[in-house]
Protein chains: 2
Amino acid sequence: MCYSTRVIPFRLDFEPGIPIYEQVVYAAKRAVVSGQMRPGDTFPSVRELSRELKINPNTAHKVVLHLVSEGILEVRPGIGTLVAAPRVSAASERSRLVGRELEQLVVEALRLGLRLDDVAEALSDHWQKLNGASPRSKP
Amino acid sequence: MCYSTRVIPFRLDFEPGIPIYEQVVYAAKRAVVSGQMRPGDTFPSVRELSRELKINPNTAHKVVLHLVSEGILEVRPGIGTLVAAPRVSAASERSRLVGRELEQLVVEALRLGLRLDDVAEALSDHWQKLNGASPRSKP
DNA sequence: CACGTGTACTATAGCACATAGTACAGCGGT
DNA sequence: ACCGCTGTACTATGTGCTATAGTACACGTG
């Protein structure tokens, strides 16, 4: 009998103070938006996540539930979980990000004495790194 | 005898799911970086915060402790709490923001199908709104 | 049938949050 | 010295969340 223990496509060093399931959700999200995992790819099963990340299966299942509720994964009971095709996001979610979440980041940046140029440049760097060499937006 | 119940310089509608003290910390931070409260200004006392926001004095004190630990307030026992002069932030804090925090925002933006231009523009808008008409960084 | 998969459920422990109190020290004004 | 504000320390309680440890069942495929 041979085992096929596929390495999961993200690594995590859990940091204290943030729920474990949140960190895994984020790592999975990041793997998807960066193209490391693509629509149609199989997502690690609950038991596989549990084993590889050394977390409880219930916690692993919680991760999957979150990702499903965000439309990132879709479930096939008895078969597995797949990375879903991107779907059109809700306008409310988009405006929450460009509103509250961006404002919070700017408040923090101003508090730290950062400059807009520095933050804008870092934004662009992250964008290119995650979205590939050709960002979706073109000048 | 007349009361001088000074209105605190921020309003809050508490939203569920986020600790009350975190929301107040953020509102205070925002008031400071936007210039609504300036270095040397008196910050509302623990009892005043408690009364105005209808939160427990221990919770109000927790807010003050956080703001003090971030260098935003300084304490005068028996006198009150003042908005501190901005101090040079730690390089580790700055790189955490332009690193992890910005990356998380970009992951979220990509997931929602936002475009870099839209996010960059919203960044700039928030910056100008909070930092005044003349941002610290100049093109 | 076996082996993978997802899912539901109970139970327990620990931690964070928020509250409700009491009490004390410091400071400034009277 | 007293009063009224201030900050601060402490105990206690309740709630909710997180994470774990289990068990069990349904689904799909080979």
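The sequence lines fix the lettering, A, B, ..., with proteins before strands; numbering per chain opens at 1. Everything numeric in this text was worked out from a predicted model, so none of it was measured. Computed from heavy atoms alone, side chains included, the values below leave out hydrogens, waters and symmetry copies.
The side-chain contact (heavy atoms from CB on, under 4.5 Å) search around Glu101(B) returns Leu105(A), Glu108(A), Arg96(B), Leu97(B), not counting sequence neighbours. In terms of the side-chain contact (heavy atoms from CB on, under 4.5 Å) criterion, residue partners of Pro19(B) (sequence neighbours excluded) are, by chain and number, Tyr21(B), Glu22(B). Taking the salt bridge (Lys or Arg N to Asp or Glu O under 4.0 Å) definition, one finds that Arg47(B) meets it with nothing, sequence neighbours left out. Residues that satisfy the salt bridge (Lys or Arg N to Asp or Glu O under 4.0 Å) test with Asp125(A), not counting sequence neighbours, are absent from this structure. Partners of Asn56(A) according to the side-chain contact (heavy atoms from CB on, under 4.5 Å) rule, which considers only residues two or more places apart in sequence or in another chain, are Asn58(A), Thr59(A). Every residue two or more places apart in sequence or in another chain that forms a side-chain hydrogen bond (donor to acceptor under 3.5 Å, both in side chains) with Glu93(B) is listed here: Arg111(A). Contacts of Arg38(A) classified as salt bridge (Lys or Arg N to Asp or Glu O under 4.0 Å), with partners at least two apart in sequence or in another chain: none. In this structure Pro57(A) satisfies the side-chain contact (heavy atoms from CB on, under 4.5 Å) test together with Val46(A), Ser50(A), sequence neighbours excluded.
Phosphate contact (OP1/OP2 of dT6(D), side-chain N/O of Thr81(B), threshold under 4.0 Å): absent. Residue Tyr21(B) places at least one side-chain N or O closer than 4.0 Å to OP1 or OP2 of dC17(C).
Along DNA chain C, the nucleotide closest to Val46(A) and the one closest to Ile18(B) are compared, and the more 5′ of them pairs with Val46(A).
Atom C1' of nucleotide dA13(C) and atom CD1 of Ile20(A) are separated by 14 Å, given to the nearest angstrom. Between the CD atom of Glu15(B) and the P atom of dA18(C) there is a distance of 13 Å, given to the nearest Å. Taking atom CD of residue Glu48(A) and atom C1' of nucleotide dG6(C), one finds them 14 Å apart after rounding to whole Å. Arg51(B) has its CZ atom 10 Å from the C1' atom of dC5(D), to the nearest Å. Distance CD (Gln23(B)) to P (dC17(C)): 12 Å, rounded to an integer number of Å. The distance from atom CG of Leu49(A) to atom C1' of dT20(D) is 16 Å, rounded to the nearest whole Å.
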Look for any protein N or O under 3.5 Å of an N or O in nucleotides 26-28 of chain C and output each such pair with its distance, or none.
from    : atom 1 : to       : atom 2 : distance (Å)
dG26(C) : N2     : Gly78(B) : O      : 2.6

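With the 3.5 Å cutoff on both pairing distances, Watson-Crick and G-U pairs in DNA chain C assemble into runs of at least 3 at C:1-30 with D:1-30.
The minimum heavy-atom distance linking Gly99(A) with His126(B) is given by the pair O-NE2, 3.3 Å. Taking every heavy atom of both residues into account, Ile55(B) and Leu49(B) meet most closely at CG1-O, 4.1 Å.
Between the side chain of Arg47(A) and the base of dG4(C), no donor-acceptor pair of N or O atoms lies under 3.5 Å.
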Side-chain donor-acceptor pairs of residues 73-83 of chain A under 3.5 Å, sequence neighbours excluded:
from     : atom 1 : to       : atom 2 : distance (Å)
Glu74(A) : OE2    : Arg76(A) : NH2    : 3.1

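A heavy atom closer than 4.0 Å to some atom of DNA chain C occurs in Asn58(A), His61(A), Val75(A), these being the qualifying members of residues 55-75 of chain A.
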